[in-house]
Amino acid sequence: MPVPAWLGRFLVLGTVFVCAACGLVYELELVALASYLMGDSVTQASVVLSVMVFAMGLGSLLAKRLRCRAAVGFGAVEAVLALVGGCSAMALYACFVWSGQSRAALVGFSLAIGALIGAEVPLLMTLIQRVRRQDAGGAVADLFAADYVGALVGGLAFPFLLLPALGQLTGALVTGAVNAVAGGALVLWLFRRDLSARARWTLIVANAVVLALLASAAALTPAFERAARRAVYGPDIRVAVRTGVQEIVLTGGGANGRPLSLFLDGRLRVSGRDELRYHEALVHPAMAGPHRRVLVLGGGDGLAVREVLRYGGVRSVTVVEIDAEVVRLARTDPGLTALNAHAYRDPRVRVVTADAFDWLRRADGGGGTGGPYGASGGPASPRTPGSSRPPRAYDVVICDLPDPGITPSTKLYSQEFYGLVARALAPGGRLAVHAGTLGARSRAYWTVETTVRSVGLRTVPYAVGRRSPGGAAAAPHEWGFVLAGRAPLRLRLPGHGPRPRSLTAGALRAGAREAARQREPGLPASTLTHPRYTP
């Protein structure tokens, strides 16, 4: 060894630490990107983790053949892992955008990366024994201690450092470069006497090529992302920004005459073609009654607020939106402000940047997770006077939230969430919920409706069909809504105030009949929405 044994052992364990951190970053990159592209993060995480663990076992078995030349084998494995892992996110994104198929690519990269990570352990075990002989149990303990600590650092660095600072694609490429430098430096310096001249120059050239490819890919990442967005969203992208919460893309709404569309994490959230019909169906039935104080959960685009503000009796509107950038665009973007009629300029509107679930819990004094109702649905014990500040009583609560099948939003359709909402309702108050779609996904819709009933609220389910741009036939899918309150409710439009422009009382009654026709009898209340629902 060119260094003392203790230092050589420290360098090997340091390389184990770095490689473990890089391996976990590759894994998290695949999970995060697959969840973004295909939705249902539980399924994507399960596929990636199970396939990678299986492949790690295969890689460990295959690496047994390389132990006789452990140094050159480890150098080659790290060079290939750096290239495959570093480019995996970009390649997976490209497969999704231009071929429409990403599941096979996800499994393929999980297999390849897992096999290469698994091959590291037997080779590193041989190298650490090459530095200094010690009992097998002690060597394994040292190796896995460094490996697990490195995994901890990589797991924390991904969400708190790499993702916010570099993004998914560049973060994976930088991780690959770190992986290549760590593996190549260990072999080419500490174990250089174990390499023939040919093997040494082969590893030098291979690592140089890998670093050059990763650097070139990093330089081309902005152009690649622009081309991919154009392929997915069309040529008229006006805004594309990634926040700490999600990716926001705005298209259309300009001089070309195309309707404005708002995409959040690749999913269409607002379409200028039919958003009026959706927001009128969500807001107006709930406004039939007292509506001095209104709470809008989600709806940072200001479109639900626009409909609320059409009523002169409204005295205050509180909007709870998790992403401040959505609200900023709703205030400043010309297309979006024109669509929401400059709703945020109204002095009656107050915006709170917070997660709706957490905000309701804080307003409720941080009570138990069951909200006002226990597991059986019975009323909770009376609140101790002075124990916590009660939430403000709202006449109307509008839940304009992402679809219930998107895993991160599942808690916003839970029994706990609706229990907190029920506490925030004034006597005689109404709750309006967008509960997904009917038709092929009716089970998720009825699970939401049953969950609302489980906290003691009376519900009126209804649906409104999407219209084509010409306003003719209804599209195959329908928006499903639930109107709820403590007292029995009747589905109707307000008898005074503005009349909806795209919604009639007859259409509401027809929507209620259609929803009742698709009801699934005996559906149990669920804390979370049905897991098989995929948006």
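Judged by distance alone, the side chain of T221 and the main-chain N or O of A217 form a donor-acceptor pair under 3.5 Å. A donor-acceptor distance shorter than 3.5 angstrom exists from the side chain of R486 to the backbone of A422, with no hydrogens or angles considered. Side chain of R315 to backbone of G312: a donor-acceptor contact under 3.5 angstrom is found. No donor-acceptor pair closer than 3.5 Å links the side chain of R331 to the backbone N or O of V326. Of the possible polar contacts, one joining the E280 side chain to the S502 backbone as a donor-acceptor pair under 3.5 Å is found. Using modelled atom types, no side-chain atom of R328 and backbone atom of D333 make a donor-acceptor pair closer than 3.5 Å.
Among V283, L491, L282, the single residue meeting the side-chain contact (heavy atoms from CB on, under 4.5 Å) criterion with F481 is L282. When Y278, W479, Y462 are each tested for a ring-ring contact (aromatic ring centres under 6.0 Å, His included) with H434, only one passes: Y278. With H279 as reference, L303 is the one residue of L303, D274, N340 to meet the side-chain contact (heavy atoms from CB on, under 4.5 Å) rule.
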Carefully, step by step, assess T332 and Y344 under the rule side-chain contact (heavy atoms from CB on, under 4.5 Å). CA-CA 10 Å; T332 60; Y344 286 113; over 6 Å; no
Apply side-chain contact (heavy atoms from CB on, under 4.5 Å) to the pair W359 and R362, showing each step before the final yes or no. CA-CA 5 Å; W359 183 81; R362 288 195 300 271; 3.9 Å; yes
Evaluate Y413 against Y445 for ring-ring contact (aromatic ring centres under 6.0 Å, His included), listing each step before the verdict. CA-CA 10 Å; Y413 292 86; Y445 172 85; over 10 Å; no
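Looking at heavy atoms from C-beta onward, L360 lies out of side-chain contact with R423 at the 4.5 angstrom threshold. Side-chain contact check for T251 versus R258: every heavy-atom pair is 4.5 Å or farther apart. The side-chain heavy atoms of V319 and V327, taken from C-beta on, include no pair separated by under 4.5 Å. At least one side-chain heavy atom of V314 sits less than 4.5 Å from a side-chain heavy atom of M287. When side chains are defined from C-beta on, L401 counts as touching F417, because their heavy atoms get closer than 4.5 Å. Under the 4.5 Å side-chain criterion, counting only non-hydrogen atoms from C-beta, Y418 is not in contact with L457. Between L297 and V421, the closest side-chain pair of non-hydrogen atoms falls below 4.5 Å. Annotation: side chain of L92 is not in contact with side chain of E29 (no heavy-atom distance under 4.5 Å).
Heavy-atom neighbours of R292 CZ from other residues, nucleotides or ligands within 6.0 Å: at or below the threshold of 12. Counting heavy atoms of neighbouring residues, nucleotides and ligands inside a 6.0 Å radius, atom CZ of R490 does not exceed 12 of them.
Rounding to the nearest 0.5 Å gives a distance of 8.0 Å between CG of L431 and CD1 of I398.
Scanning for side chain to side chain contact (heavy atoms under 4.5 Å, CB included) contacts around A240 gives R229, I237, V249, with sequence neighbours left out. Under the side chain to side chain contact (heavy atoms under 4.5 Å, CB included) criterion, I322 pairs with V245, D355, not counting sequence neighbours.
Using cut-offs of 30° and 60° on the angle between ring planes, the pair H284 and Y311 is tilted.
Between R269 and E275 there is no salt bridge, since no side-chain nitrogen of the basic residue lies less than 4.0 Å from a carboxylate oxygen of the acidic one.
Residue L503 comes nearest to A281 through the heavy atom pair CD2-CA, 3.6 Å, listed as atom of the first residue, atom of the second, then distance. Heavy atoms only, all atoms of each residue included: Y26 and A172 are closest at CE2-O, 4.3 Å.
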